Structure formats: structure tokens, C-alpha cells
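Values in this document were obtained by computation on a predicted structure and should not be read as measured data. Positions are given from 1 along the sequence.
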Amino acid sequence: MKITVLDMDTAEIGGDISLDELAELGELSVFGKTGGNDTASLIDNSEAVICNKTRITREVMDSCPNLRYVGLMGTGFDQVDLTAADELGITVCNVPSYSSDAVAQHTFGLILNYYGRISEYTADCASGGWTEKKYLSVFGRETHELAGKTIGLIGCGGIGKRVARIADAFGMRVLAYNRDPERLADIPYVTTVPLERLLIESDIVSIHCPLNDSTRGLVNLRTLAMMKPSALLVNTSRGGIINEADLAQALNEGIIAAAAVDVLTDEPMTSDTPLGTARNIVFTPHIAWAPVETRERLFGIVADNLRAFMDGKPRNTVHCGM
């Protein structure tokens with residue numbers, strides 16, 4: 001089998017991830033930066049393509065008649081035309097749940113940074129702010145405990161449940177808005193509530209739902225106005241769930257206190273993003289999923305998915321109706 005790996009640069013740092021398992025399955029071609037008009041020519045006559053953010057459109061599929069398998073380096077599948085794949089008999093497989101611990105960890109990294117003003121105090125120390133003082137502790141930035149605070153989770157699947165568990169360990173109250181509340185019935189420290197109540201009562205709102213037609217722009221000026229003026233909004237899910245112009249307005253006008261995001265609607269970040277000049281926002285560049293252990297696990301599952309397809313028993317398949 002001929003296998004093409006696209007946009008490998010989005011999943012490794014200086015070759016730190018081995019592709020030996022994939023190489024054992026066939027003739028392997030690997031490309032670092034890909035996307036745009038060269039996608040079909042790079043896939044060429046390969047039967048399988050492995051990709052992360054490269055768009056696999058109907059046009060790409062039509063131009064690659066040998067293509068029978070698309071393996072995704074992640075959970076999201078909005079970059080693939082699933083309707084076309086179904087019609088053309090192309091199997092699409094993703095990797096669910098591989099990064100749940102990593103994303104939950106990063107979510108709380110953002111929360112702890114805000115509540116402890118860690119990056120701000122670090123900058124103060126780097127500029128001599130501690131050496132100039134005569135006291136053991138330097139005050140001046142208001143910090144808060146997490147214990148007793150309420151966190152509201154928009155979406156509470158694999159990642160959301162891990163965030164809830166961490167929040168419970170901190171002594172927080174956990175609210176969740178989930179499309180299937182029954183799935184959370186056996187978790188005693190999670191209370192499922194309507195979205196409006198979650199927004200009104202939460203000190204922190206953290207997004208953990210997929211991006212689809214029902215969630216696109218879910219966080220907008222109307223919903224942001226329901227939140228506490230002291231609230232923190234965190235997004236480690238997908239950028240399009242937030243109307244970014246509305247969030248910028250909410251931050252600049254003090255409708256909410258702050259935001260911390262790992263994802264944007266347009267990635268990489270553009271110079272004209274509305275959030276670029278917003279007040280009280282922290283960015284990380286879509287790296288919540290990216291610890292070394294997480295990426296090693298990811299590529300192990302990517303290889304297992306392709307191996308299962310080759311054995312006639314595909315797993316982790318994605319269809320247009322999913």
C-alpha cells in the first residue's frame with residue numbers, strides 16, 4: 001500500500017515522533033508543510049493519506065482515484081468532505097480521546113495562570129520588580145483561590161469530564177451543559193443545567209464541545225452578556241464556537257473580566273483577528289493537545305487505525321451523519 005503523510009510539521013517538533021509503525025504498513029511518503037493546491041499532487045496515486053489540518057475536499061478526492069482511506073491525526077474531522085467520502089467509498093478514521101488528559105491539563109494551566117496572575121508576576125520579576133522591593137512578598141495584583149468557585153463546562157465528554165474531575169479536586173462547584181445529560185448522571189460532583197443558568201452562575205466558563213452547525217457562534221454578545229462581569233472564559237476546543245468580534249467587544253467593555261484561548265477561528269493567528277487588540281486575553285497557539293506523550297499515543301492509534309482498515313475491520317470511522 002502507498003501511504004502519504006501530509007502536514008507532518010503540524011504534529012512533530014524536530015522529528016521527535018517516530019513513523020516506524022506506519023512505515024511497516026506500506027510505502028511511505030512524508031511531507032512537512034502541505035495544503036492548498038498541491039494536496040492532490042502530493043497524494044498522487046496513494047491509497048491512504050494521513051493528515052492533520054490539510055483539507056481533503058471533493059476535488060482532492062476526485063483527483064486521486066486510488067484513494068481509499070483518510071486517516072486523521074486528531075479528533076476533529078471538519079477538514080474532510082465527509083459527504084464526498086461516503087459517496088466515493090473512502091473510509092475516514094479519526095483518533096478520539098487521545099488528548100483528553102493533555103487538554104484538561106492545559107485548560108487548568110490557563111485557569112491557574114489567570115487566578116494566580118502567574119505570567120504577570122513573572123514579567124514583574126523579570127523587569128526587576130522584586131529586587132527593587134524591601135519585602136518578602138510583593139503584592140499589587142489581586143489573586144484568588146479556586147476552592148468554592150463555580151466552573152461551567154459547555155460540553156462534558158471525554159475532555160470535559162477530566163476537567164470536571166480536576167475542578168472537583170480543587171474544591172470547585174461544577175456545572176455542565178451537555179447535549180446528553182444522562183451520560184453525566186453517575187458523576188456526583190457534576191450538575192447538569194441549561195446553558196443560560198450555567199452562564200449566569202459560573203465564575204469560569206470553559207468550552208469543550210465540538211464545532212458544528214449547532215455550536216458555531218454559540219458564544220456571542222447575547223450569551224456573553226449573561227455571564228458575570230468577573231467571569232473568565234476559556235476555550236481549548238474550536239475557535240469557531242466563539243464569535244470573536246463579540247468577545248473582543250465584551251472584553252473591551254468589561255462585560256466579562258478576561259479570556260484565555262488556545263484556538264481561534266482562523267489559524268494560524270492573523271494580524272487582523274478582532275481578539276488581537278482585546279483587553280485581558282491570553283493566547284496559546286493551539287498547543288493544548290501537544291505534549292510528547294500525547295503525540296506518541298496519537299501516532300500509535302493512527303497506525304492501529306490504518307492496520308485495522310487493511311485487515312478489513314476499520315475502527316474509529318467517521319461518516320457524514322456522525
Notebook entry, point to check: Under 6.0 Å from the six-membered ring centre of Phe139 and within 45° of its axis: does the NZ or CZ of Arg141 meet both?
Noted result: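 So Arg141 doesn't make the cation-pi contact.
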So which atom in [X] and which in [Y] form the shortest heavy-atom distance, rounded to 0.1 Å?
{"X": "Ile151", "Y": "Ser202", "value": "C-OG, 4.0 Å"}
{"X": "Cys209", "Y": "Ile241", "value": "O-CD1, 3.3 Å"}
{"X": "Cys51", "Y": "Ile56", "value": "SG-CG1, 3.9 Å"}
{"X": "Leu6", "Y": "Thr4", "value": "CD2-CG2, 3.7 Å"}
{"X": "Pro274", "Y": "Ala245", "value": "CB-CA, 3.8 Å"}
{"X": "Ala11", "Y": "Ile17", "value": "O-CG1, 3.8 Å"}

Next item on the list: Answer yes if the side chains of Arg315 and Asn305 hold a donor-acceptor pair under 3.5 Å, and no otherwise.
Entry: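 Yes, side-chain donor-acceptor contact under 3.5 Å.
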Check: Would you say the side-chain atoms of His286 and Thr284 include a donor-acceptor pair closer than 3.5 Å?
Finding: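 Side-chain D/A pair, His286 to Thr284: absent.
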Could you see if [X] belongs to whatever hydrophobic cluster contains [Y]? Use Ile, Leu, Val, Met, Phe, Trp, Tyr and a side-chain cutoff under 4.5 Å.
{"X": "Tyr115", "Y": "Ile281", "value": "no"}
{"X": "Leu199", "Y": "Leu233", "value": "yes"}
{"X": "Leu153", "Y": "Leu195", "value": "no"}
{"X": "Tyr177", "Y": "Leu175", "value": "yes"}
{"X": "Val92", "Y": "Ile301", "value": "no"}

Next item on the list: Show your working on side-chain contact (heavy atoms from CB on, under 4.5 Å) between Leu82 and Phe77 and close with a plain yes or no.
Entry: CA-CA 8 Å; Leu82 297 180; Phe77 44 81; 3.5 Å; yes
Item checked: Test log, rule salt bridge (charged side-chain N to carboxylate O under 4.0 Å, His left out), inputs Glu201 and Lys228 -> CA-CA 7 Å; Glu201 296 185 13; Lys228 296 179 179 181; over 6 Å; no
Hey, could you give me the [atom1]/[atom2] distance between [X] and [Y], rounded to the nearest 0.5 Å?
{"X": "Glu59", "Y": "Asp81", "atom1": "CD", "atom2": "CG", "value": "8.0 Å"}
{"X": "Leu146", "Y": "Leu112", "atom1": "CG", "atom2": "CG", "value": "5.5 Å"}
{"X": "Leu110", "Y": "Phe283", "atom1": "CG", "atom2": "CZ", "value": "11.5 Å"}
{"X": "Arg297", "Y": "Ser100", "atom1": "CZ", "atom2": "OG", "value": "9.0 Å"}
{"X": "Arg279", "Y": "Leu251", "atom1": "CZ", "atom2": "CG", "value": "8.0 Å"}
{"X": "Asn316", "Y": "Asp304", "atom1": "CG", "atom2": "CG", "value": "9.5 Å"}

Would a 4.5 Å heavy-atom cut-off, applied to side chains only, mark [X] and [Y] as touching?
{"X": "Arg238", "Y": "Asp78", "answer": "yes"}
{"X": "Arg295", "Y": "Asp16", "answer": "yes"}
{"X": "Phe31", "Y": "Val5", "answer": "no"}
{"X": "Leu275", "Y": "Leu247", "answer": "yes"}
{"X": "Thr75", "Y": "Tyr98", "answer": "yes"}
{"X": "Pro181", "Y": "Leu184", "answer": "no"}
{"X": "Asp203", "Y": "Leu232", "answer": "no"}
{"X": "Val80", "Y": "Ile90", "answer": "no"}

Has the side chain of [X] got a donor or acceptor atom that lies under 3.5 Å from a matching backbone atom of [Y]?
{"X": "Asn220", "Y": "Gly217", "value": "yes"}
{"X": "Asn235", "Y": "Ser237", "value": "yes"}
{"X": "Ser46", "Y": "Ile43", "value": "yes"}
{"X": "Asp168", "Y": "Tyr189", "value": "no"}
{"X": "Glu27", "Y": "Ile3", "value": "no"}
{"X": "Trp289", "Y": "Thr236", "value": "no"}
{"X": "Asn178", "Y": "Gly155", "value": "no"}
{"X": "Asn113", "Y": "Gly109", "value": "no"}
{"X": "Asn280", "Y": "Ala258", "value": "no"}
{"X": "Thr215", "Y": "Asn212", "value": "yes"}

Next item on the list: Run the salt-bridge test on Asp246 and Arg222 with the 4.0 Å N-O cut-off and return the result as yes or no.
Entry: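 Between Arg222 and Asp246 there is no salt bridge, as every charged N stays at least 4.0 Å from the carboxylate O atoms.
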Note to self: Quick test of your reading of the model: are Glu21 and Arg307 salt-bridged, counting only N-O distances below 4.0 Å?
What the structure shows: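 Here Glu21 pairs with Arg307 in a salt bridge, since their nearest N and O are under 4.0 Å apart.
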Check: Which is it for Gln79 and Leu72 under the side-chain contact (heavy atoms from CB on, under 4.5 Å) test, yes or no, and what are the steps along the way?
Finding: CA-CA 9 Å; Gln79 69 273 41; Leu72 300 172; 3.7 Å; yes
Note to self: Please evaluate residues Asp101 and Arg162 with respect to the criterion salt bridge (charged side-chain N to carboxylate O under 4.0 Å, His left out), reporting the C-alpha separation (whole Å), side-chain torsions for both, the decisive distance (0.1 Å), and the verdict.
What the structure shows: CA-CA 7 Å; Asp101 288 324; Arg162 283 166 172 78; 2.8 Å; yes
Checklist line | Enclosure of Asn37 CG (heavy-atom neighbours >12, cutoff 6.0 Å) | finding: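 It does not: Asn37 CG has 12 such atoms or fewer within range.
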Margin query: Is it the case that over 12 heavy atoms from other parts of the model lie below 6.0 angstrom from the CD atom of Glu267?
Written below: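 Counting other residues, nucleotides and ligands, CD of Glu267 exceeds 12 neighbours.
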Notebook entry, point to check: Can Met227 and Ile200 be said to form a side-chain contact (heavy atoms from CB on, under 4.5 Å), step by step?
Noted result: CA-CA 5 Å; Met227 294 171 60; Ile200 291 170; over 6 Å; no
Item checked: Tyr69 and Phe309 aromatic ring geometry - parallel, tilted or perpendicular at 30°/60° bounds ->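 The rings of Phe309 and Tyr69 sit tilted, inter-plane angle from 30° to 60°.
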Notebook entry, point to check: What's the verdict on side-chain contact (heavy atoms from CB on, under 4.5 Å) for Thr150 and Ile204, showing C-alpha distance, side-chain angles and the deciding distance?
Noted result: CA-CA 7 Å; Thr150 297; Ile204 301 164; over 6 Å; no
Next item on the list: Decide salt bridge (charged side-chain N to carboxylate O under 4.0 Å, His left out) for Glu87 and Arg58; before the verdict, give the C-alpha distance in whole Å, the side-chain angles of both, and the deciding distance to 0.1 Å.
Entry: CA-CA 10 Å; Glu87 291 175 2; Arg58 181 182 291 273; 3.0 Å; yes
Checklist line | The single option from Leu42, Thr39, Ile50, Asn52 passing side chain to side chain contact (heavy atoms under 4.5 Å, CB included) against Asp7 | finding: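 It is Asn52; the other options fail the test.
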